[in-house]
2 protein chains.
Amino acid sequence: MSTISKENYLKAIFLHNRIGENASTSKVANKLSVSNAAISDMAKKLSQEGLISYEKYRGMELTAEGEKIALRVLRRHRLWESFLIKALGMSWNEVHDEAERLEHHSSDSLIDKIDEYLSFPDFDPHGEPIPKKNGTFPKIPKSISLSEVQVGNTYQIIRVNDQNTELMNYLTKNNLLLNSKLEVVDKLSFDNSVVVKVDNKKNSLSEKISKSIFVKILK
Amino acid sequence: MSTISKENYLKAIFLHNRIGENASTSKVANKLSVSNAAISDMAKKLSQEGLISYEKYRGMELTAEGEKIALRVLRRHRLWESFLIKALGMSWNEVHDEAERLEHHSSDSLIDKIDEYLSFPDFDPHGEPIPKKNGTFPKIPKSISLSEVQVGNTYQIIRVNDQNTELMNYLTKNNLLLNSKLEVVDKLSFDNSVVVKVDNKKNSLSEKISKSIFVKILK
DNA sequence: GTAAAAAGTTAAGCATACTTAACTTAATAA
DNA sequence: TTATTAAGTTAAGTATGCTTAACTTTTTAC
């Protein structure tokens, strides 16, 4: 049976797999804020249920069945976020934690009504694709992360990784919003930080932050 | 600490206390669909935490602290129900089960936003009072239950006990909605059922159903 | 190629919230 | 008033999802 915990494990594994990373024990443990031991435990259960393929010491990967559940949770999460912003005027940085809980406690029928209310959007307010009811995934527009940009060019933010409320707060405060335009002023190979100019204000972004921001180049 | 289970226990006790009934072990067990043993167990814990007063074999009553939590849960439930109906066009009979889960998984800030969206309503779509943020409870209009009416009179429904989805479905199907007008055609003392006429259609209602419907007399 | 460090696993234990079975207390009916 | 029934409680046991501590495997650095 698929419990709340299991849904969260599957979602975490999915998000790792999606960026091409192997979902290792400690990465998943870190994302879920539990011990490595808890991951090993759960990996066995999920594997037995046919939701992941798991070889000891070698990380985890979703099966088709596991991916189906993960996509369903992700769909709920992103629709809730979109809805809370659109219907209740909540802000970018408030909705993540809220959706993190609501995603486990809404019926299919409610989620479909939200989808309809929003006119079946392809992307959420962070630019992330919203899985469709039929399990398909809207194609993500070609983008590069801010950690890969070139000094001198101008870019537009088209997607932000919304995994962390603190990051969202920071970006909001610094006007690094969806569709914001920025000029890359400098890159420091010392710490892989990037200096950008937004609204004529300079801002230095750490490697970790820049890796969470996805942009496209403006001609 | 107040977990989801504890919130549900407190809510159940509150709803029993409110109608003047003593919250006995088996009544609460029945409402929560758990064994009597589970109630005895939990009663001890809630009592230790100062949320209920409990004397073995003598039922349970909320303390001021327990009532505060119960009212907070009830507020969430009724605001969620109202919101799902207003914002998403869900129906009377769909929202109870949904709200039953959502009430445990929304922040104060979200609930307040919903309250604001709805312009701080005093009553939910079942006519039930919505506890206010400050813990007060809107006054319920004087009403009698359908089990107490007099044959020959005409009444209007002003409140319905929304504890059960099946009941809601039945009422919806038979046009027994909030504000519906009905004429009392007959009362059978044999089984305490009531025969009413709604939209010129006669309908016999069991004692249990009639006790869940509250009306006011129309001159 | 091996030693040290990092990552992962296993085992034992815990809290929560239940269950069933056995028992006790209270209510009721003759 | 007492025997029977109903209601309530206790005790023992279970599943879930964690923890810490001890141990094993893999990776890395020399």
Side-chain angles (χ1 to χ4, degrees), chain A residues 1-17 19-62 66 69-70 73 100-101 103-105, chain B residues 1-17 19-62 66 69-70 73 100-101 103-105:
Chain A
M1 217 216 13
S2 181
T3 64
I4 294 169
S5 265
K6 284 178 187 168
E7 286 186 355
N8 282 329
Y9 278 79
L10 294 172
K11 191 177 58 164
I13 296 167
F14 177 86
L15 290 172
H16 267 297
N17 283 171
I19 54 175
E21 270 183 23
N22 180 31
S24 68
T25 298
S26 43
K27 272 179 196 150
V28 179
N30 191 51
K31 170 132 18 177
L32 297 177
S33 299
V34 296
S35 66
N36 282 5
I39 305 295
S40 288
D41 250 29
M42 186 62 95
K44 260 181 253 163
K45 292 180 202 165
L46 292 174
S47 177
Q48 261 169 20
E49 290 181 49
L51 301 175
I52 66 172
S53 68
Y54 169 56
E55 208 187 326
K56 281 205 300 189
Y57 302 105
R58 296 284 142 191
M60 294 153 269
E61 220 171 298
L62 296 180
I69 296 174
V73 178
E100 202 69 12
R101 292 186 302 269
E103 68 188 10
H104 306 294
H105 303 283
Chain B
M1 216 215 12
S2 182
T3 64
I4 294 169
S5 266
K6 284 179 187 168
E7 286 186 355
N8 281 330
Y9 278 79
L10 294 173
K11 189 177 59 163
I13 296 166
F14 177 87
L15 291 173
H16 267 297
N17 283 172
I19 55 175
E21 270 184 22
N22 179 31
S24 68
T25 299
S26 44
K27 272 179 197 149
V28 179
N30 191 50
K31 170 131 17 178
L32 297 177
S33 298
V34 297
S35 66
N36 282 6
I39 306 295
S40 288
D41 251 30
M42 186 61 94
K44 259 181 256 163
K45 290 182 204 164
L46 293 173
S47 176
Q48 263 169 18
E49 290 181 49
L51 301 175
I52 66 171
S53 68
Y54 168 57
E55 208 186 325
K56 280 204 301 190
Y57 303 104
R58 297 284 144 189
M60 293 153 270
E61 221 172 299
L62 295 181
I69 296 174
V73 179
E100 202 70 11
R101 292 186 301 270
E103 67 188 11
H104 306 294
H105 303 284

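A note on names: the letters A, B, ... follow the listed sequences, proteins ahead of strands, and every chain is numbered from 1.
Summarising the geometry, the separation between CD on B:Glu7 and P on C:dT16 is reported as 15 Å, rounded to the nearest angstrom. Rounding to whole angstrom units, NZ of residue A:Lys44 and P of C:dG8 are separated by 15 Å. Rounding to whole angstrom units, OH of residue B:Tyr54 and P of C:dT25 are separated by 13 Å. Note: CD (A:Glu49) to P (D:dA15) measures 14 Å, nearest angstrom. Straight-line distance from the CD atom of A:Glu55 to the C1' atom of C:dT9: 14 Å, rounded to whole Å. The separation between A:Asn22 atom CG and C:dA7 atom P is 13 Å, rounded to whole Å. Put simply, CG on B:Asn8 is 12 Å from C1' on C:dA17, counting in whole angstrom units.
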Would A:Met60 and A:Lys27 count as a side chain to side chain contact (heavy atoms under 4.5 Å, CB included) if you check the C-alpha gap in whole Å, the side-chain angles of each, and the deciding distance to 0.1 Å? CA-CA 11 Å; A:Met60 294 153 269; A:Lys27 272 179 196 150; over 6 Å; no
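For the ring pair (Phe, Tyr, Trp, His ring centres under 6.0 Å) test, no residue two or more places apart in sequence or in another chain qualifies with B:His16.
Considering all non-hydrogen atoms of both residues, A:Ala12 and A:Leu32 come closest at CB-CD2, 4.0 Å. Shortest non-hydrogen contact noted between B:Val34 and B:Ile39 is CG2-CD1, 3.8 Å.
Contact check, B:Ser26 against D:dA6: no side-chain N or O comes under 4.0 Å of OP1 or OP2.
Taking the side chain as every heavy atom from C-beta outward, B:Thr3 and B:His104 never approach each other to under 4.5 Å.
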So if I define the base as every atom that isn't primed, P, OP1 or OP2, how would nucleotides 16-28 of chain D read as a B/S/- string at a heavy-atom cutoff under 4.0 Å? -BBBB----SSS-
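Evaluation of the side chain to side chain donor-acceptor pair (under 3.5 Å) test over residues 53-62 of chain A, restricted to residues two or more places apart or in two chains, returns none.
A:Thr25 comes within 4.0 angstrom of sugar-phosphate atoms only, judged by non-hydrogen atoms across all strands, and of no base.
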